[in-house]
Amino acid sequence: MFKGKARAYTNIALIKYWGKKNESLILPMNNSLSLTLDAFYTETEVSFSEAYTEDQFYLDNQLQDEKATKKISTFLDIVREKAGTTKKAKVISQNFVPTAAGLASSASGLAALAGACNEALKLGLDDQALSRLARRGSGSACRSIFGGFVEWEKGHDDQSSYAHPISSDGFEDHLAMVFLLLNEQKKDVSSRDGMRRTVETSSFYQGWLDSVEADLYQLKQAIKTKNFQLLGETMEQNGLKMHGTTLAARPPFTYWSPDSLKAMQAVRDLRNQGIPCYFTMDAGPNVKVLVQKDHLDKVKTTFSDLFSSQQVISAFAGPGMTIIE
Ligand code: 2P0
């Protein structure tokens with residue numbers, strides 16, 4: 001039996017990954033930059049054995065259906081090819097997220113699986129190679145191999161597309177990300193389908209591509225100079241632009257719900273009261289608010305009053321993928 005177990009944390013992009021240049025290799029159109037967080041993570045154990053006749057995937061103690069298992073099997077095929085084995089695998093994955101938060105993340109999941117496979121089959125991959133491998137499972141997973149601020153270099157082929165940490169002299173230790181859990185339902189348009197539709201049909205997509213590099217540069221300057229206002233403004237603008245592209249897609253779509261808009265307005269109101277905080281959103285209606293730790297209590301109270309305290313979860317900078325047990 002070849003067995004390995006790993007834990008990886010979720011990450012939230014401050015500069016978004018939105019669109020693929022190569023669907024099968026998962027090469028992105030643009031670089032992205034994220035913060036790995038400590039509140040949500042996945043632990044995954046994988047075992048490879050001659051005794052297994054097919055891949056099996058358990059998530060939160062439930063055997064998964066064919067569609068969910070297919071995504072894992074496709075990833076395991078890449079691993080098997082690297083290891084020169086045809087052994088089937090059993091994958092047991094546990095998501096540690098607040099109950100029914102609707103935040104199950106493919107980033108932490110695939111990063112943990114990549115780490116577990118490296119351990120189980122003694123592949124000897126270093127972090128950069130692991131990031132490349134995790135990318136093949138889910139793009140954003142390549143960033144969850146590392147802790148803190150992480151940039152994913154888009155590259156131009158399998159070898160050159162991977163993530164690496166961004167040095168920040170501890171700036172991230174002053175930050176908090178407040179998750180507003182606004183809707184637990186499964187999304188109508190997956191991020192994979194959403195980004196494909198946008199690349200293929202949105203007349204706003206070129207605008208995204210034309211401006212994302214400048215956003216990335218500005219955000220890196222903000223990290224370097226520990227300028228929270230610049231960090232927040234750049235993140236918020238970049239997120240809004242990503243979501244703007246979906247409105248011009250055919251057919252158009254949006255991830256925003258009425259509560260998302262309510263949350264965005266509340267963030268602006270807080271700023272008008274002199275509390276620096278900024279929002280970002282991903283492929284779903286939940287809003288994430290970036291704030292310095294000094295103002296965390298005020299932000300949490302505001303959103304607990306506006307929604308409910310169970311819908312407000314704070315997270316801090318988290319570590320990279322680790323092997324456990
Ligand atoms: C991000 N998202 O940078 C962006 C922002 C969603 C919006 O990465 O197709 O699950 O598996 O590569 O990584 C979500 O996309 O997509 C994502 P695939 P993934 O965080």
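When a ligand or atom number is given, it counts from 1 through the structure's own listing order.
- Residue, atom and distance of the protein heavy atom nearest to atom 5 (C) of ligand 1 are Asp282 OD1, 3.4 Å.
- The protein heavy atom nearest to atom 1 (C) of ligand 1 is Arg143 NH2, 3.4 Å.
- Scanning the protein heavy atoms around atom 13 (O) of ligand 1, the nearest turns out to be Ser140 OG, 2.7 Å.
- Between the side chains of Ser257 and Lys262, no donor-acceptor pair is found at a separation under 3.5 Å.
- Heavy-atom distances between Arg135 and ligand 1 stay at or above 4.0 Å for every pair.
- Residue Ile26 touches ligand 1 through its side chain alone, judged by heavy-atom distances below 4.0 Å.
- In this structure, Ser106 counts as a contact residue of ligand 1, since one of its heavy atoms falls inside 4.0 Å of the ligand.
- Each of the following atoms of ligand 1 lies closer than 4.0 Å to a heavy atom of Lys16: 3 (O), 5 (C).
- Here Arg135 pairs with Asp158 in a salt bridge; the nearest charged N to carboxylate O distance falls below 4.0 Å.
- By the 3.5 Å distance cut-off applied to N or O atoms, Gly139 is counted among the residues near ligand 1.
- The number of heavy-atom neighbours closer than 6.0 Å to NZ of Lys224, taken from other residues, nucleotides and ligands shown, is 12 or below.
- Distance from atom 19 (P) of ligand 1 to its nearest protein heavy atom, with residue and atom name: Ser138 OG, 3.5 Å.
- Counting atoms of ligand 1 from 1 in the listed order, those under 4.0 Å from a heavy atom of Ala13 are 1 (C), 3 (O), 20 (O).
- Of all the atoms in ligand 1, the ones that sit under 4.0 Å from a non-hydrogen atom of Lys20 are 9 (O), 12 (O), 18 (P).
- Annotation: atom 17 (C) of ligand 1 to nearest protein heavy atom, Tyr17 CD2, 4.0 Å.
- Within 6.0 Å of NZ in Lys20 there are more than 12 heavy atoms belonging to other residues, nucleotides or ligands.
- One finds no salt bridge joining Lys241 and Glu236 here, because no Lys/Arg side-chain nitrogen approaches an Asp/Glu carboxylate oxygen to under 4.0 Å.
- Residue Glu213 places its CD atom among 12 or fewer non-hydrogen atoms of other residues, nucleotides or ligands, all under 6.0 Å distant.
- A salt bridge is defined here as a Lys NZ or Arg NE, NH1 or NH2 lying under 4.0 Å from an Asp or Glu carboxylate O, and Glu119 with Lys5 fails to meet this definition.
- Salt bridge Glu151/Lys220: present, at least one basic N to carboxylate O contact under 4.0 Å.
- For atom 15 (O) of ligand 1, the closest non-hydrogen atom on the protein side is Ser191 OG, 3.3 Å.
- Distances from atom 18 (P) of ligand 1 to the heavy atoms of Met242, Met281, Arg136, Arg192 put Arg192 nearest.
- Using modelled atom types and a 3.5 Å distance limit, the side chains of Gln237 and Glu233 yield no donor-acceptor pair.
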